[in-house]
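To start, the structure itself, in structure tokens.
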Amino acid sequence: MSTFRLDPISKDAVVFAPERNKRPIDGWSSLKPASTKCPFCPGNEHLTPADTFYQKDNFNKWTIRSFPNKYPAFTEPSEHISGIQEVIVESVSHDVNMGHYTRGHLVKVLKAYKNRIASLKSVKNIKYIVVFKNHGFFAGASLEHPHSQVVGIDFVPKAVNKKLKRLKKFYNKTKKCYLCSPDHTKNKIYENSLFIAFVPESVRFAYECWIVPKDHKTYYEQSSHDELNKLAEIILKVFKAVNKCLGFPPFNLIINTGFLASHRSYFHWNIQLIPKTAQFAGFELATGIYINQINPGHAANQLKTYLDK
Ligand SMILES: [Zn+2]
Ligand SMILES: [Zn+2]
């Protein structure tokens with residue numbers, strides 16, 4: 001039976017329709033676009049702009065590098081919008097899944113995110129920053145080579161502003177941060193000493209997982225080495241469960257971090273991992289109401305069973 005649920009913070013309406021989850025999920029790997037010469041592979045650096053950041057190995061070869069996006073959404077500062085967009089190439093391997101990174105390498109990637117967020121934050125007029133990763137053609141990735149993007153823009157998007165206002169309202173009313181309240185992280189998949197992974201109660205997409213620090217932390221880029229090490233551990237656990245449960249689906253990964261000093265009390269940084277198990281259809285596009293094929297509690301329990309397989 002389908003049920004409606006309203007997200008208390010975003011006010012997005014979601015329809016949970018578990019019976020729609022009957023089709024088998026497989027064959028993602030056969031749905032790749034035709035490959036062309038990859039500008040992110042070692043040896044093709046001349047095809048990309050100059051580095052803004054890099055990590056090198058003992059042989060002086062890069063292992064992670066970032067540079068301005070050659071095809072940014074914000075090419076020219078206009079009267080209303082300007083921004084910076086960078087690409088972070090996460091690996092020298094062309095077709096490795098993030099879930100297969102070693103923990104040590106993932107820590108380096110997480111540190112690269114930290115470095116680029118801090119760098120973009122220091123740019124004048126930047127008011128909003130987000131890191132995201134699209135993996136797979138059907139998650140919006142135009143290139144197969146593992147990479148992420150960091151975007152800084154000079155305005156706060158309407159949907160983000162709306163969410164911030166609701167988080168602030170929740171905090172003013174309850175004197176608690178929304179994600180610090182245990183009620184909102186109850187569909188737990190896994191936890192370690194510093195982080196918890198869970199499926200939010202009114203999540204829009206099937207198997208969407210959130211990873212958040214257990215303590216109230218607002219700014220991702222202030223994370224210590226120990227925190228990023230524990231973060232890498234929980235990210236790899238969640239990927240293991242998602243990949244085994246859903247057969248290496250395309251996915252989007254988003255890091256939401258606080259961007260103003262005033263966010264400290266009520267914004268809690270978080271990671272959203274959204275496996276792409278369905279395409280948006282007319283109903284979602286017309287109404288903004290998302291049909292989630294699986295109840296969040298069931299999704300969390302199902303993912304949990306794959307943690308130790
Ligand atoms: Zn490549
Ligand atoms: Zn909090």
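When a ligand or atom number is given, it counts from 1 through the structure's own listing order. None of the values given here were measured: they were computed from a predicted structure.
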Review point. Would you say the side chains of R116 and S148 form a donor-acceptor pair under 3.5 Å?
Key: no
Check your understanding: H135 and K276: side-chain donor and acceptor closer than 3.5 Å?
Key -> no
Practice item. Just to the nearest 10 degrees, tell me the angle at the Zn ion (ligand 2) spanned by H216 ND1 and C177 SG. Key: 110°
Practice item. Could you check which N/O/S atom of H268 is closest to the Zn ion (ligand 2)? Key: ND1
**Study point:** Ring centre gap for Y171 and H268 strictly below 6.0 Å
**Key:** no
Point to revise | Interatomic distance, I153 atom CD1 to Y128 atom OH [nearest 0.5 angstrom] | key: 7.0 Å
Review point. Can you give the angle C38 SG - the Zn ion (ligand 1) - H94 ND1, rounded to 10°?
Key: 110°
Review point. With respect to the Zn ion (ligand 1), what is the nearest N, O or S atom of H145?
Key: ND1
